[in-house]
Protein chains: 2
Amino acid sequence: MKLKVYSDRLSQPVRAVLIFCKVNGIEFEEVRVDLSKREHFSPEFSEINPMNQLPAIVDGEFKLFESHAILIYLASSYPEVADHWYPADVFKRSKIHSVLDWRHSNLRRGPVTIVQNTVLAPMFCRPFNPEGAAEGEKLLSAALSKIESFWLEGNGPFLLSANQPSIADLSLVCEIMQLELLDEADRNRLLSPYKKVQQWIENTRNATNPHFDEVHKSLKEIKEQLQK
Amino acid sequence: MKLKVYSDRLSQPVRAVLIFCKVNGIEFEEVRVDLSKREHFSPEFSEINPMNQLPAIVDGEFKLFESHAILIYLASSYPEVADHWYPADVFKRSKIHSVLDWRHSNLRRGPVTIVQNTVLAPMFCRPFNPEGAAEGEKLLSAALSKIESFWLEGNGPFLLSANQPSIADLSLVCEIMQLELLDEADRNRLLSPYKKVQQWIENTRNATNPHFDEVHKSLKEIKEQLQK
């Protein structure tokens with residue numbers, strides 16, 4: 001039974017998992033769960049993930065959710081995945097865990113809070129909330145500033161001075177890509193102070209294309225719909 | 001050079017790391033960083049962890065922060081750690097990653113929000129905030145309810161129906177133990193609907209004593225100080 005990835009490409013961590021599978025040649029079936037129709041609360045999907053969140057996978061009999069856990073599982077189980085995505089070396093691997101854990105309480109909250117209180121509010125029947133969005137901008141700036149000054153310190157093109165991307169690059173860059181839903185002027189205002197961050201997004205995009213652009217195309221389509 | 005654990009026992013994830021080391025006979029030096037004196041923002045500690053958070057470790061030349069990353073590093077690097085803490089089996093290990101990731105955006109926020117807006121507010125020069133505490137109680141109840149109905153489903157004494165504890169049990173139980181800082185009546189009100197959760201806390205305590213009680217003794221001392 002082929003790997004199933006439960007997916008709505010509006011979700012940052014879903015996109016990270018999809019790109020990871022495509023870049024590494026892991027065969028899978030993408031099963032659409034429409035967040036805007038609340039399909040993640042359906043009885044069928046609750047059987048897959050009782051936490052009602054995306055992404056989730058089913059691989060044979062094995063069910064798993066939480067994107068970092070999924071990325072690590074895939075990197076550990078599919079021999080076609082190159083070592084740099086999730087290095088066997090315990091020191092390199094531990095640093096990647098540290099970045100991934102840091103994302104949860106730091107980078108995760110900024111982009112989500114901004115888009116949910118602005119462009120995505122109508123889709124989820126929520127009011128526009130400029131104070132909420134401003135709070136999200138503060139969280140985002142604090143996180144981007146730490147990425148710029150610490151996680152990207154050194155001269156490597158990727159996090160932790162690495163020469164090749166890891167699952168941490170993919171997870172964090174997909175998070176920041178959610179800002180594509182904003183007006184270009186707003187996005188530029190938020191990202192322009194962070195030159196290394198911008199270059200690193202481009203490096204990650206180049207290292208994973210054409211899959212990166214293909215998976216993120218949905219985001220542009222959603223933006224166009226929202227603008228209409 | 002012996003392992004150094006940078007520690008304030010007021011911190012839930014610090015306690016998880018300390019108990020883990022003690023239970024597994026890992027020798028370490030506990031280096032105190034007093035959160036109430038903002039020592040985590042000192043230049044010395046910023047060299048150890050530029051994110052200015054506890055816990056952090058230094059093992060020889062290797063620096064690491066984020067408690068889950070630390071627990072996984074220790075379990076992977078110290079051969080005296082039994083397999084059940086972080087199983088080599090990829091399916092068991094993946095489920096533990098899933099629990100750990102879930103904690104970040106779910107269980108983590110409840111107890112922290114409650115105590116920071118009530119009993120710990122004076123220590124950090126913040127006003128009491130009953131609305132904030134009420135929000136924290138909602139988050140806590142939602143998380144405990146998922147632990148009770150999903151992570152503790154089945155008959156094992158530990159998460160994921162396991163017969164022995166993993167790093168996930170230790171991390172999550174230490175989080176909930178922060179409620180010890182509250183009045184006993186409040187703590188009982190919050191925990192009493194969750195019978196399996198209460199039994200699991202007791203199971204984890206028994207499996208890791210006398211270290212569990214010894215490390216949590218500081219919490220009782222802090223509570224007594226706050227009551228004075």
Side-chain angles (χ1 to χ4, degrees), chain A residues 13 46-47 49-53 55-57 59-79 86 88-109 112 142-143 145-151 153 160 167-168 171, chain B residues 13 46-47 49-53 55-57 59-79 86 88-109 112 142-143 145-151 153 160 167-168 171:
Chain A
S46 296
E47 283 291 310
N49 179 1
M51 302 301 178
N52 305 103
Q53 290 179 321
I57 63 165
D59 196 12
E61 297 294 305
F62 185 63
K63 293 177 196 169
L64 192 66
F65 56 86
E66 287 290 340
S67 69
H68 295 169
I70 292 171
L71 290 167
I72 292 174
Y73 166 76
L74 295 173
S76 307
S77 305
Y78 284 78
Y86 185 60
D89 176 86
V90 71
F91 299 109
K92 287 184 185 171
R93 178 172 285 197
S94 297
K95 291 282 189 186
I96 288 172
H97 289 153
S98 181
V99 178
L100 291 172
D101 288 329
W102 177 85
R103 165 188 165 270
H104 280 291
S105 309
N106 296 277
L107 181 63
R108 177 71 177 143
R109 293 164 62 209
V112 164
S145 161
K146 289 291 189 186
I147 295 174
E148 181 96 358
S149 66
F150 181 66
W151 294 122
E153 73 179 346
L160 304 165
I167 54 174
S171 172
Chain B
S46 296
E47 283 291 309
N49 179 3
M51 303 301 178
N52 305 104
Q53 290 179 320
I57 63 166
D59 195 14
E61 297 294 305
F62 185 64
K63 294 176 194 170
L64 192 66
F65 56 86
E66 287 289 341
S67 69
H68 295 168
I70 292 171
L71 290 167
I72 292 173
Y73 166 76
L74 295 172
S76 308
S77 304
Y78 284 78
Y86 185 60
D89 176 86
V90 71
F91 299 108
K92 288 184 184 169
R93 178 172 286 197
S94 296
K95 291 282 190 185
I96 288 172
H97 289 153
S98 181
V99 179
L100 291 172
D101 288 329
W102 176 86
R103 164 189 165 270
H104 280 291
S105 309
N106 296 277
L107 181 63
R108 176 71 177 142
R109 293 163 63 207
V112 164
S145 159
K146 289 291 189 186
I147 295 174
E148 180 96 358
S149 66
F150 180 66
W151 295 122
E153 73 180 345
L160 305 165
I167 55 174
S171 173

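Side-chain atoms are counted along with the backbone in the values below, which use heavy atoms only and exclude waters and symmetry mates. In what follows, every chain begins at residue 1, and chains take the letters A, B, ... in the order their sequences are listed.
Side-chain atoms of A:S98 never come within 3.5 Å of backbone atoms of B:A69 as a donor-acceptor pair (strictly under, hydrogens ignored). No side-chain donor-acceptor contact under 3.5 Å links B:D101 to the backbone of A:E66.
In this structure, A:F150 and B:F65 have tilted ring planes: the angle between them lies in the 30° to 60° band.
Rounded to the nearest 0.5 Å, atoms NE2 (B:H104) and CZ (A:R103) are 9.5 Å apart. Going from atom OG of A:S67 over to atom NE2 of B:H97 covers 13.0 Å, rounded to the nearest 0.5 Å. Interatomic distance, CZ of A:R93 versus OH of B:Y73, reported as 14.0 Å (0.5 Å rounding). Remark: B:L74 CG to A:S94 OG distance equals 8.5 Å, nearest 0.5 Å.
Other residues, nucleotides and ligands place no more than 12 heavy atoms under 6.0 Å from the CZ atom of B:R109. The environment of NZ in B:K92 is sparse: at most 12 heavy-atom neighbours from other residues, nucleotides or ligands sit within 6.0 Å.
For the pair B:F91/A:E61, no side-chain contact is recorded, criterion being any heavy-atom separation below 4.5 Å from C-beta on.
The nearest pair of heavy atoms linking A:N52 to B:K146 is OD1-NZ, 4.1 Å.
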